[in-house]
Amino acid sequence: MGAWLKGARGWALEKVAIWQQRQRYRAYLAAMGERELRDVGLCRTDAEREANRAFWRPPAIDEASRGRTPWT
């Protein structure tokens, strides 16, 4: 197997893992209650908007400006 194919395969596997992680986070956001959302500094509208994003789209929530590590 050529080096470029190994690299492409690794890239693809990494992308799938990132997409799965986003889906888990977004499902968790959708299930959070009002108090939990307040605890993390989100309103219901922001949480729903993020939860409804397609798995391949990066997060809309700007975590970096809040001093947190951004989602992958």
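Values below: all heavy atoms of this structure, side chains included; hydrogens, waters and symmetry mates excluded.
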When you measure from the side chain of Arg22 to the backbone N and O of Trp56, does any donor-acceptor pair fall under 3.5 Å? yes
So, the side chain of Asp46 versus the backbone of Leu42: is there a donor-acceptor pair under 3.5 Å, distance only? no
Residue pair Tyr28 / Arg24, side-chain heavy-atom distance below 4.5 Å: no
For the student: nearest non-hydrogen atoms of Arg57 and Arg26, plus distance: O-NH2, 2.8 Å
Using only atom types and a distance under 3.5 Å, with no angle test, would you say the side chain of Glu48 pairs donor to acceptor with the backbone of Thr45? no
Would you check if Asp39 and Met32 make a side-chain contact, meaning some heavy-atom pair closer than 4.5 Å? no
Between Leu37 and Ala47 the two heavy atoms that sit nearest each other are CD2-CB, 3.6 Å
Kindly give the heavy-atom pair with the smallest separation between Arg44 and Leu29, and that separation in Å. NH1-O, 4.2 Å
Does some side-chain heavy atom of Tyr25 sit less than 4.5 Å from a side-chain heavy atom of Gln20? no
With rounding to the nearest 0.5 angstrom, report the CZ to SG distance, Arg49 to Cys43. 7.0 Å
Could you tell me the separation between the CD atom of Glu36 and the CD atom of Glu34, rounded to the nearest 0.5 Å? 10.0 Å
